[in-house]
Chemist: 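Can you keep this structure in mind? I'll have questions shortly.
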Amino acid sequence: MIQIKEIILHRLKMTLNNPFSTSFGTVRDKDFFIIEAISKTGVHGYGESVAFSTPWYTEETTETTKHMMNDFLIPLLQKNKHHVSHPADIMTIFSSIRGNNMAKSAIENAIWDLYAKQKNIPLHQMLGGKRDIIDVGVSLGIEQDINILLNKIESYVSKGYKRIKIKVKKGYDIKTLEKVREQFPDISLMIDANSAYTLNDIDHLKQLDKYNLLMIEQPLGHDDIIDHAELQSHIQTPICLDESIHSLADVKQAIALNSCKIINVKLGRVGGITVAKQIHDLCAENGIELWCGGMLEAGIGRAHNIALATLGAFNLPGDIAASSHYWQEDIIEPEVTVQNGQIKLSDKPGIGYEVDREMLGKYTVQTERFIV
Ligand code: OSB
Ligand code: MG
């Protein structure tokens, strides 16, 4: 049994070290929730809501996650408090609410942390993780000045990051890759378009094949599965889906249609650890490669990503950079560090990092408590 006594929503505001630009716009600040779930026995579990302030990536925003948690999800937890024997039950309890996966994921993941701490084992071990050290890559935003991008690549390559991802958009793709490959002919390199192209760009996208890219992430529509299959049949570069995948059903469709060879799994986008594990198992059976995506998380969200990335089929480096890549100071102790492009898993119970209550307090702008 998991007897949840209280849920606390901490609303935080933090500013990124560097504004992060994609084909859709720029993220400078994060306004998000840390969910603290407290059991009757006094165990504290934490989750992080990854929605942004505006709905540019998916439909969710900080405000919609708040509405969902306050008015629907927490009331469902209150009503079903005697029916939680395992964190996977949370998904069933929330199943009457359509979509809103980031809000659901934040709460479910807090309860996974709580449960693992209650059992006194690391979360990655509870999930059936297969490695105690993971390879990681870095995602670099669009830069006005190509030299800034080249310097950043140089710096992350020299720190040992296992692959470099660069954001692209129309007019900032072939020319950029030409320069990057000139200076770094052999690095493991991929691009992410965040839906910047359409099928009219097939001939343009064929030119990518000569840059020996590990993959192209989400070239077409954020809600498309069919056109990606068409595009994949014309290009050699493997397609990776990000925005298109929200559920196990989406993955089934992508597999059936050959829409991608690789999937970027984000806990928030798919609705939490339980679905992510189901997606993992289905992809493992069908030869789809996986890696763990990022949402410019603070430490708690990052710790959950690190645990997820230990699952067997996550065979490609994730967007899981060091805390210091994103933040001046993080809200966990110790912060996440990367050595030679790898993160060593903690052997402490749950997410394996302590929440730094002083830092949490410093960045908190609002706190709400709910008795369950
Ligand atoms: O498309 O993968 C993406 C960041 C915010 C929103 C969407 C994406 C990203 C990233 C950065 O690529 C991932 C990270 O470093 O957290
Ligand atoms: Mg992406």
Side-chain angles (χ1 to χ4, degrees), residues 14 16-32 48-62 101-102 105 134-143 149 152-153 156 159 161-169 173 189-197 213-224 228 238-246 250 260 262-270 290-306 308-309 316-327 330 335-336 338 341 343:
M14 291 173 76
L16 289 163
N17 285 338
N18 292 295
F20 187 79
S21 294
T22 70
S23 61
F24 261 84
T26 301
V27 181
R28 287 184 180 77
D29 305 292
K30 276 207 87 177
D31 174 10
F32 64 102
E48 179 172 330
S49 159
V50 301
F52 298 110
S53 309
T54 63
W56 70 271
Y57 172 75
T58 65
E59 76 289 354
E60 292 182 87
T61 67
T62 315
N101 287 347
M102 292 178 185
S105 170
I134 58 166
D135 285 351
V136 296
V138 69
S139 172
L140 301 176
I142 290 172
E143 298 289 349
L149 179 70
K152 283 193 177 172
I153 295 174
Y156 286 97
K159 286 180 189 136
Y161 278 78
K162 303 287 184 194
R163 66 103 174 101
I164 303 291
K165 159 169 149 184
I166 56 180
K167 294 285 189 178
V168 295
K169 60 179 178 184
D173 46 14
L189 181 67
M190 62 171 287
I191 57 176
D192 184 359
N194 291 104
S195 299
Y197 304 99
L213 301 176
L214 196 56
M215 70 191 88
I216 176 169
E217 185 178 341
Q218 199 71 32
L220 308 178
H222 70 92
D223 52 357
D224 171 78
H228 280 96
I239 290 181
C240 167
L241 291 178
D242 173 354
E243 283 90 331
S244 297
I245 303 294
H246 300 270
D250 289 339
C260 65
I262 303 167
I263 291 176
N264 160 347
V265 181
K266 292 186 185 172
L267 287 169
R269 199 186 64 237
V270 303
L290 297 176
W291 53 280
C292 179
M295 290 287 284
L296 311 171
E297 288 92 344
I300 292 165
R302 191 170 318 288
H304 282 279
N305 291 345
I306 292 168
L308 182 71
L316 294 163
D319 277 344
I320 314 178
S323 295
S324 60
H325 166 67
Y326 307 89
W327 313 110
D330 207 339
E335 61 171 43
V336 175
V338 171
I343 296 173

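Throughout, residue positions are numbered sequentially from 1 according to the sequence presented. Every number for a ligand or one of its atoms is a count from 1 in the order of the listing. Fair warning: this is a prediction, and the values are worked out from it, not measured in the lab. Side chains included, hydrogens not; waters and symmetry mates left out as well; all remaining heavy atoms used.
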Chemist: Report the nearest protein non-hydrogen atom to atom 12 (O) of ligand 1: residue, atom name, distance rounded to 0.1 Å.
Modeler: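 The protein heavy atom lying closest is S139 OG, 2.9 Å.
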Chemist: Report whether any nitrogen, oxygen or sulfur of D192 sits less than 2.8 Å from the Mg ion (ligand 2) (N, O or S, backbone or side chain).
Modeler: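 So D192 counts as coordinating the Mg ion (ligand 2), yes.
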Chemist: Examine the proximity of ligand 1 to K167 and report which part, side chain or backbone, both or neither, has a heavy atom under 4.0 Å away.
Modeler: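 Near ligand 1, K167 shows its side chain, while the N, CA, C and O stay back.
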Chemist: Going by the side-chain contact (heavy atoms from CB on, under 4.5 Å) test, name the single residue among T22, L16, T54 that passes it with V27.
Modeler: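 Among T22, L16, T54, the one meeting side-chain contact (heavy atoms from CB on, under 4.5 Å) with V27 is L16.
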Chemist: Tell me which protein heavy atom sits closest to atom 6 (C) of ligand 1, plus the residue, atom name and distance to 0.1 Å.
Modeler: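 For atom 6 (C) of ligand 1, the nearest protein heavy atom comes out as W56 CH2, 3.4 Å.
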Chemist: Checking the N or O distance criterion of under 3.5 Å, is ligand 1 in contact with N194?
Modeler: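 Between N194 and ligand 1 (N or O atoms, distance only) the closest approach is under 3.5 Å.
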Chemist: So does H228 get a backbone contact from the side chain of D224, meaning a donor-acceptor N/O pair under 3.5 Å?
Modeler: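 Here the side-chain-to-backbone pair exists.
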Chemist: Do the side chain of R269 and the main chain of T58 share a donor and acceptor less than 3.5 angstrom apart?
Modeler: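 It does not hold such a pair.
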Chemist: Measure from atom 5 (C) of ligand 1 to every heavy atom in Y57, F52, F24 and give the option owning the shortest one.
Modeler: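 Checking each option, the heavy atom nearest atom 5 (C) of ligand 1 is found in F52.
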Chemist: For atom 14 (C) of ligand 1, what's the nearest protein heavy-atom neighbour? Residue, atom name and distance, please.
Modeler: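 Its nearest protein heavy-atom neighbour is Y326 OH, 3.4 Å.
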Chemist: For the backbone of L220 and the side chain of S195, can you confirm whether one donor and one acceptor N or O come within less than 3.5 Å of each other?
Modeler: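 At least one qualifying donor-acceptor pair exists.
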Chemist: Give a yes or no answer on whether the side chain of K30 reaches the backbone of M295 with a donor-acceptor pair at less than 3.5 Å.
Modeler: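 Side chain of K30 to backbone of M295: a pair is present.
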Chemist: Look only at the side chain of E217 and the backbone of M190, and say whether a donor-acceptor pair between them is shorter than 3.5 Å.
Modeler: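 No, the answer is negative, given that no donor and acceptor are paired below the 3.5 Å cut-off.
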Chemist: Report yes or no: does D242 have an N/O/S atom closer than 2.8 Å to the Mg ion (ligand 2)?
Modeler: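 Checking D242: at least one N, O or S atom is under 2.8 Å.
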Chemist: Is it true that a side-chain atom of Q218 and a backbone atom of D242 form a donor plus acceptor pair closer than 3.5 Å?
Modeler: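 Answer holds: yes.
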Chemist: Does N194 reach the main-chain N or O of F24 with its side chain, forming a donor-acceptor pair under 3.5 Å?
Modeler: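 No: the side chain of N194 does not pair with the backbone of F24.
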Chemist: Does only the side chain of D242 get under 4.0 Å from ligand 1, or the backbone, or both, or neither? Count heavy atoms.
Modeler: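 It is the side chain that gets close, since no backbone atom is under 4.0 Å.
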Chemist: Out of H222, K266, E243, which residue meets the side chain to side chain donor-acceptor pair (under 3.5 Å) rule with Y57?
Modeler: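 Between Y57 and the candidates, side chain to side chain donor-acceptor pair (under 3.5 Å) is satisfied uniquely by K266.
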Chemist: So which protein heavy atom does atom 4 (C) of ligand 1 come closest to, and at what separation?
Modeler: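 Answer for atom 4 (C) of ligand 1: F20 CE2, 3.6 Å.
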Chemist: Nearest heavy atom to atom 8 (C) of ligand 1 wins, so pick from K165, K266, M295, K30.
Modeler: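 Considering heavy atoms of K165, K266, M295, K30, the nearest to atom 8 (C) of ligand 1 sits in K266.
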Chemist: Main chain of V136, side chain of W291: is a donor-acceptor contact present, judged purely on distance under 3.5 Å?
Modeler: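 Such a contact is absent between W291 side chain and V136 backbone.
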Chemist: May I ask you to identify, for E217, whether its side chain, its backbone, both or neither come under 4.0 Å of ligand 1 on a heavy-atom basis?
Modeler: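 Side chain only.
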Chemist: Restricting to N, O or S atoms of E217, which is nearest to the Mg ion (ligand 2)?
Modeler: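 The E217 atom nearest to the Mg ion (ligand 2), restricting to N, O or S, is OE2.
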Chemist: Just need the protein heavy atom nearest to atom 13 (C) of ligand 1, so name the residue and atom and give the distance.
Modeler: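 Nearest neighbour among protein heavy atoms for atom 13 (C) of ligand 1, to 0.1 Å: G294 O, 3.4 Å.
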Chemist: Any idea which protein heavy atom is nearest atom 16 (O) of ligand 1, and the distance to it?
Modeler: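 Ranked first by proximity to atom 16 (O) of ligand 1 is L296 N, 2.8 Å.
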Chemist: Using a 4.0 Å heavy-atom cut-off, say whether T22 meets ligand 1 through its side chain, its backbone, both or neither.
Modeler: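 Neither; no heavy atom under 4.0 Å.
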